[in-house]
2 protein chains.
Amino acid sequence: MKETPRWLTPAERDGWRGLTRMWERLSGRVARHLQSESSLSTAEYTVLVHLTDAPDGRRRTADLVGSLEWEKSRMSHQVSRMMKRGLVVREECPQDGRGAVVVITPAGRDAIAAAAPRHVEAVRRLFVDPLTPEQLRAFARIANRVLEQLDERPM
Amino acid sequence: MKETPRWLTPAERDGWRGLTRMWERLSGRVARHLQSESSLSTAEYTVLVHLTDAPDGRRRTADLVGSLEWEKSRMSHQVSRMMKRGLVVREECPQDGRGAVVVITPAGRDAIAAAAPRHVEAVRRLFVDPLTPEQLRAFARIANRVLEQLDERPM
DNA sequence: ATCCGATCGTTGACTTGTCACCTACATCCT
DNA sequence: AGGATGTAGGTGACAAGTCAACGATCGGAT
């Protein structure tokens with residue numbers, strides 16, 4: 001005998017559906033834009049950004065996994081694909097025999113340099129600029145609150 | 001000779017990264033929860049919900065495509081997979097010789113009935129409840145604004 | 001009636017992400 | 001040292017989505 005569930009109110013439902021719809025459409029658009037303008041997938045772009053964040057363009061795989069919050073197998077597959085496309089190379093890690101280091105190639109640098117301005121432009125056009133500064137701040141607070149909750153809840 | 005791009009300010013960057021992080025982690029959690037508690041994927045759940053919205057549990061494929069804003073090929077693949085699992089069946093459409101109608105099966109009804117309360121519970125725990133009602137309203141407005149913009153912008 | 005463009009839906013090839021599992025190395029403890 | 005335990009990373013099978021192309025049908029204009 002179960003209690004009757006607390007269904008979502010219309011306002012709550014609007015919030016949740018707003019999130020899913022917004023994300024599905026927005027991320028699709030941004031991804032397509034990036035792909036057609038710069039021949040990079042969102043995942044490739046993200047990895048390259050994190051590599052260029054390091055001064056020498058090299059990072060431990062586990063480090064990338066940590067900051068992107070990806071599954072490690074996802075990262076491994078992704079890096080393999082990016083190696084095939086010549087955007088990065090894998091090197092052994094001197095300090096840790098298990099480890100691997102991902103290094104951006106010159107081609108990778110060219111790709112990200114060409115892609116970044118257009119990508120930022122798209123993010124701006126479709127997400128940042130339509131919102132007021134207060135909305136943007138409110139949004140960031142909301143996201144942080146939800147992320148906090150995800151961390152707290154074991155599940 | 002290109003102009004120097006308008007990079008994102010830290011606040012803007014927080015907003016955008018907040019969105020991507022929140023979505024990646026939240027949707028992953030909710031999906032895993034749904035899968036482990038109810039053996040349904042998010043996509044299956046969504047389709048079943050839209051089918052049960054219709055009183056007789058049947059809907060034109062194009063109709064589903066329209067309300068979910070999916071690619072039609074995605075819907076076609078999805079329905080095929082769901083047929084294999086016995087959640088839905090496909091029928092011919094009497095009015096339109098090209099058309100197909102997707103119909104929920106009793107097993108599909110059982111699955112969604114069992115899944116819905118727990119799924120709603122998870123959405124509530126991880127997204128709705130942590131936010132204040134004002135935040136939720138603000139969020140819905142933000143999402144609508146972004147969706148509007150997506151419609152207006154040709155690209 | 002027929003022709004033509006638009007719509008409906010499916011398919012196959014390809015890309016991406018997940019899961020379960022495996023190996024190799026590191027670390028800690030006695 | 002030796003053995004348990006944990007961590008880094010890769011692999012293969014699979015689920016899911018995208019894209020381009022296709023066949024079939026509909027509907028309006030001629």
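Sequence lines set the chain letters: A, B, ... in the order given, protein chains first and strands last, and positions in each chain run from 1. Note: hydrogens, waters and symmetry copies are ignored here, and every other heavy atom, side chains too, is used.
A:E12 is listed as a side-chain neighbour of B:L136, based on a closest heavy-atom distance under 4.5 Å. The side-chain heavy atoms of B:L8 and A:V120, taken from C-beta on, include a pair separated by under 4.5 Å. Under the 4.5 Å side-chain criterion, counting only non-hydrogen atoms from C-beta, A:V88 is in contact with A:V79. B:S80 is not listed as a side-chain neighbour of B:H77, based on a closest heavy-atom distance of 4.5 Å or more. A:S76 places a side-chain heavy atom less than 4.5 Å from the side chain of A:R90. Considering only heavy atoms from C-beta on, B:W23 comes within 4.5 Å of A:T20 through its side chain.
The rotation axes computed at either terminus of the helix from C:dA1-D:dT30 to C:dT30-D:dA1 lie 10° apart, taking five pairs at each end and rounding to 10 degrees.
Contacts with DNA chain D (heavy atom under 4.0 Å) in residues 57-66 of chain A: A:R60, A:T61, A:A62, listed by number. Residues from residues 83-105 of chain A that place a heavy atom under 4.0 Å from any atom of DNA chain C, listed by number: A:R85, A:D96, A:G97, A:R98.
Residue pairs satisfying the side chain to side chain donor-acceptor pair (under 3.5 Å) criterion with at least one member in residues 137-148 of chain A, sequence neighbours excluded, are listed as follows: A:R145-A:E148.
Each of A:S73 and B:S80 has a nearest nucleotide on DNA chain C; the 5'-most of these lies closest to B:S80.
A donor-acceptor pair is defined here as one N or O able to donate and one able to accept, closer than 3.5 Å; such a pair exists between the side chain of A:R29 and the backbone of B:L150. A:R124 places a side-chain N or O within donor-acceptor distance of the main-chain N or O of B:W7, the cut-off being under 3.5 Å. Between the side chain of A:T52 and the backbone N or O of A:V49, at least one donor-acceptor pair lies under 3.5 Å. Without hydrogens or angle criteria, B:R58 side chain to B:L51 main chain gives no donor-acceptor distance under 3.5 Å.
Here D:dC19 is the nucleotide among D:dA16, C:dT18, D:dC19 with the atom lying nearest to any side-chain atom of A:R32. Among the nucleotides D:dA16, D:dC19, C:dC19, the one closest to the side chain of B:S41 is D:dA16. Here the nucleotide nearest the side chain of A:H77, chosen from C:dA13, D:dG12, C:dT10, is D:dG12.
Note: the hydrophobic cluster containing B:V103 does not contain B:M75 (ILVMFWY, side chain heavy atoms under 4.5 Å, direct or indirect links).
Distances shown here put every side-chain N or O of B:R74 at or beyond 4.0 Å from the OP1 or OP2 atom of D:dA16. Dashed line: the shortest gap from a side-chain N or O of A:Q78 to OP1 or OP2 of C:dG17 is under 4.0 Å.
One atom, CG of A:L68, and another, C1' of C:dT16, lie 15 Å apart when rounded to the nearest Å. Rounded to an integer number of Å, the gap from CE of A:M75 to P of D:dG9 is 10 Å. For the pair B:R81 CZ and C:dT18 P, the interatomic distance rounds to 15 Å; values are reported in whole Å. A:W70 places its CH2 atom 10 Å from the P atom of C:dT16, with the value rounded to the nearest Å.
With salt bridges taken as basic N to acidic carboxylate O contacts below 4.0 Å, none links B:R153 and A:D129. Remark: B:R85 engages B:E44 in a salt bridge, criterion side-chain N to carboxylate O under 4.0 Å.
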If you restrict it to nitrogen or oxygen atoms, what contacts under 3.5 Å exist between nucleotides 1-3 of chain D and the protein, and what is each distance?
none

Nucleotide N/O to protein N/O under 3.5 Å, stretch nucleotides 21-23 of chain C:
none

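Stacking of B:R74 on the aromatic ring of B:W70 is recorded, both the 6.0 Å distance cut-off and the 45° axial limit being met.
Ring geometry, B:F139 versus A:F139: the interplanar angle falls under 30°, so the pair is classed parallel (tilted spans 30 to 60°).
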